[in-house]
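Shown next, in structure tokens, is the structure this report addresses.
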Amino acid sequence: MEPFEILCGIAAVIFALYYFFTSTFDFWKSRGVPGPRPIPGFGTFKNVRLGKISMSEYIKKLYNHYKDEPLVGIFAGRTPILFVKHPDLIKDILIKDFSIFPERGYASHDRADPLSQNLFELDSKRWRPLRAKLTPVFTSRKLKEMFVLISECSDHFVQYVEKLVNKNEPIECIEMTAKYTTDVIGRCAFGIEIDAMSNEDSEFRRIGRGAFHPPFWNRLRFAIKDYLPWLFDVLYGYILPQSEITRFFMRIVLETVDYRETNNITKNDFIDTLRELKKHSDKMGDIDLTDSFIASQAYVFFAAGYETSSTAMTNAFYELALNQKIQDRLRDEIDQEYIKHAGNLAYTNIKEMNYLDKVFKEVLRKYPAGLLFKRKTISSYTFNGTKVGIPKGQIIWIPFHAMNQDPSIYPEPDVFDPERFNEEAVRSRHPMAYLPFGDGQRNCIGSRFAVYQTKLGLIKILRNYKVEPCEKTQVSYAVNDRDVVLTPKDGIYLRIIKINRD
């Protein structure tokens with residue numbers, strides 16, 4: 001072959017690749033949607049991919065740069081993504097026109113990643129009947145039953161903190177609170193006394209760390225799943241073994257179910273709900289209730305219930321340590337409730353603590369668990385009040401983290417101020433400006449459970465201890481957005497001091 005022909009062949013390949021990577025780049029321009037200029041191979045995420053900026057910083061920068069634009073068009077590689085900022089349009093997506101946006105946009109990998117068959121990631125066809133069956137687990141009646149178990153775990157939490165305090169050293173709060181919420185989930189979801197607070201070798205706690213603070217190889221696995229799904233299905237569906245997390249939850253769930261069936265044990269917890277689903281699988285339509293499908297639901301209860309709540313508790317302790325007047329006022333409210341109810345707090349008493357509720361909401365405003373909500377259209381759609389039309393299969397991002405930091409919505413957003421959630425302030429804001437658990441039909445099913453386990457843990461500790469900054473406390477809070485849940489980058493160290501009530 002002549003050199004000229006070789007050069008022509010190379011040029012043709014380069015041109016074909018260039019065309020492939022850029023052929024979608026007029027997608028948003030043709031629809032009149034503004035956005036940053038994409039780069040072949042990177043889309044609009046060049047600095048994120050090269051490690052020059054974190055994803056949270058990128059999203060906040062994008063949100064602020066297009067401050068007055070309701071819609072912004074971006075690209076992940078060559079894939080167009082719509083960044084939706086305006087609260088009215090967000091309400092349309094999550095509530096009014098939900099039937100067009102019921103999907104989260106996750107690809108199905110039932111064989112390669114069995115635990116991905118969970119309620120959070122499922123396609124709408126399987127999500128609807130499953131959500132209906134699982135909703136009764138999180139009713140007020142059920143939560144009242146669980147409250148006793150949560151309260152017992154919170155008492156153990158106080159004892160555990162006492163041991164840490166006696167060492168007279170700065171306490172790392174992420175690990176401290178994660179052990180508490182791990183024990184709560186173990187009792188309420190699996191009917192198992194995990195005892196992570198006294199057992200340093202707790203398998204549940206070790207697996208939890210791996211799930212939410214993944215090492216390099218697990219992050220690589222997630223990257224392959226996101227960007228090369230066909231390769232992910234081949235590698236993890238047929239060649240490489242299942243992950244340790246998958247093997248662990250499959251074993252724990254199946255062993256627990258088998259033990260209860262064999263010994264005729266009923267605890268009316270989440271595992272028993274899953275047992276009932278399997279017994280009446282004929283009522284679940286097209287859902288194939290395999291063992292892995294059942295284990296997936298137990299996994300998502302664990303995953304969604306322990307890390308988000310422990311991080312929220314840690315962030316609350318951090319802010320209360322830095323804001324002693326707020327801490328004192330909150331402790332006064334807690335003490336008054338104990339006096340009012342003779343030292344015995346019931347499920348309904350937690351709802352009566354208005355200042356605690358404001359503090360909790362401000363924690364989730366300043367430190368949400370994630371960056372954005374993801375949706376995907378199941379048919380074409382034109383946004384109300386605009387001429388912007390999108391096709392079936394369009395990915396939507398709702399940047400609630402950046403909204404929480406918007407000074408036009410929350411003045412001085414870096415200031416921790418629970419009074420942002422007094423009645424007058426809440427009425428003055430658009431309801432879509434605060435979405436800690438999402439909204440609409442696909443909101444967080446376990447939000448009330450998360451709220452109660454977090455609040456009760458805070459109550460028991462603040463009743464007995466004072467939290468203060470120490471020499472290892474972060475001066476500037478840095479987010480580690482490489483983890484599944486947004487967590488403080490280097491942990492949160494505080495001094496915890498016993499309150500003498502004699």
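When all heavy atoms are compared, the tightest approach of Q117 to S292 is NE2-OG, 3.0 Å. Here the shortest heavy-atom pairing between L458 and A316 reads CD2-CB, 3.9 Å.
Salt bridge status for E276 with K133: absent, with no side-chain N to carboxylate O gap under 4.0 Å. A salt bridge between E244 and R247 is absent, with no side-chain N of the basic residue lying under 4.0 Å from a carboxylate O of the acidic one. Electrostatic pairing of E172 and K472 does not count as a salt bridge here, judged by no charged N lying under 4.0 Å from a carboxylate O.
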Exercise. Check the pair E203, R251 against salt bridge (charged side-chain N to carboxylate O under 4.0 Å, His left out), reporting the backbone distance first and the verdict last.
Key: CA-CA 12 Å; E203 193 174 14; R251 174 174 62 81; 3.1 Å; yes
Exercise. With side-chain hydrogen bond (donor to acceptor under 3.5 Å, both in side chains) as the test, would you mind laying out the steps for H401 and Q405 before giving the verdict?
Key: CA-CA 7 Å; H401 182 278; Q405 303 297 318; 5.1 Å; no
Quiz item: Should K466 and E468 be marked as a salt bridge (charged side-chain N to carboxylate O under 4.0 Å, His left out) after you check the CA-CA gap, both sets of side-chain angles, and the distance that decides it?
Solution: CA-CA 7 Å; K466 183 177 183 179; E468 294 181 347; 3.7 Å; yes
Practice problem: Given salt bridge (charged side-chain N to carboxylate O under 4.0 Å, His left out), test R275 with D272 step by step and report yes or no. | Solution: CA-CA 5 Å; R275 289 170 61 193; D272 281 350; 2.7 Å; yes
Practice problem: Take K278 and D291 through the test salt bridge (charged side-chain N to carboxylate O under 4.0 Å, His left out) and record every step on the way to the result. | Solution: CA-CA 9 Å; K278 196 162 187 179; D291 289 339; 2.3 Å; yes
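Under the 6.0 Å distance and 45° angle rule, K376 does not count as a cation-pi partner of F101. The side-chain tip of K374 points at the ring of Y106 from less than 6.0 angstrom away and within 45° of straight on.
The aromatic rings of F302 and F249 sit tilted, their planes meeting at an angle between 30° and 60°. Classification of the F45-Y58 ring pair by plane angle, with boundaries at 30° and 60°, yields tilted.
A ring-ring contact (aromatic ring centres under 6.0 Å, His included) with F301 is found for one member of F120, F138, F190 and no other, namely F138. Screening S310, S309, C188, S151 against Q453 for a side chain to side chain contact (heavy atoms under 4.5 Å, CB included) leaves a single residue, S309. Of the options F421, Y410, F400, a ring-ring contact (aromatic ring centres under 6.0 Å, His included) to Y434 is made by F421 and by none of the others.
For Y306 and Y180, the ring centers sit 6.0 Å or farther from each other.
Distance alone, capped at 3.5 Å, is enough to place a donor-acceptor pair between the E333 side chain and the Y355 backbone. No side-chain donor-acceptor contact under 3.5 Å links Y63 to the backbone of F83. A donor-acceptor pair under 3.5 Å is formed between the side chain of E103 and the backbone N or O of S124. The backbone N or O of N199 sits nowhere less than 3.5 Å from a side-chain atom of S202 that would complete a donor-acceptor pair. With hydrogens and angles disregarded, a donor-acceptor distance shorter than 3.5 Å links the side chain of K85 to the backbone of Y66. Under the 3.5 Å distance criterion, the side-chain polar atoms of N263 are left unmatched by any main-chain donor or acceptor of I265. Checking side-chain atoms of R331 against main-chain N and O of L462 turns up a donor-acceptor pair under 3.5 Å. A donor-acceptor pair under 3.5 Å links the side-chain atoms of D183 to the main chain of D195, judged by distance alone. A distance-only check finds no donor-acceptor pair linking the side chain of Q474 to the backbone of I492 [under 3.5 Å]. Remark: side-chain polar atoms of S116 are paired, donor with acceptor, to backbone N or O of D113 under 3.5 angstrom.
Between F373 atom CZ and R442 atom CZ the span is 12.5 Å, to the nearest 0.5 Å. The CG atom of L277 lies 8.0 Å from the CZ atom of F293; values are rounded to the nearest 0.5 Å. Distance check: M176 CE to I171 CD1 gives 6.5 Å after rounding to the nearest 0.5 Å. Atom CD1 of I93 and atom CE of M432 lie 11.0 Å apart (nearest 0.5 Å). Atom CG of N349 sits about 9.0 Å away from atom CD1 of I459, to the nearest 0.5 Å.
Between I192 and I252 there is a side-chain heavy-atom pair separated by less than 4.5 Å.
T177 and T314 are linked by a side-chain donor-acceptor pair at a separation below 3.5 angstrom, with hydrogens and angles left out of the test. A donor and an acceptor atom, one from each side chain of T246 and S243, are located under 3.5 Å apart. If you check the side chains of Y477 and N315, you find a donor sitting under 3.5 Å from an acceptor. Counting only N and O atoms by type, the side chains of S54 and E57 include a donor and acceptor under 3.5 Å apart. Side chain to side chain, H156 and E152 fail the donor-acceptor criterion of an N or O pair below 3.5 Å.
Environment of CG in N168: sparse, with no more than 12 heavy atoms of neighbouring residues, nucleotides or ligands closer than 6.0 Å.
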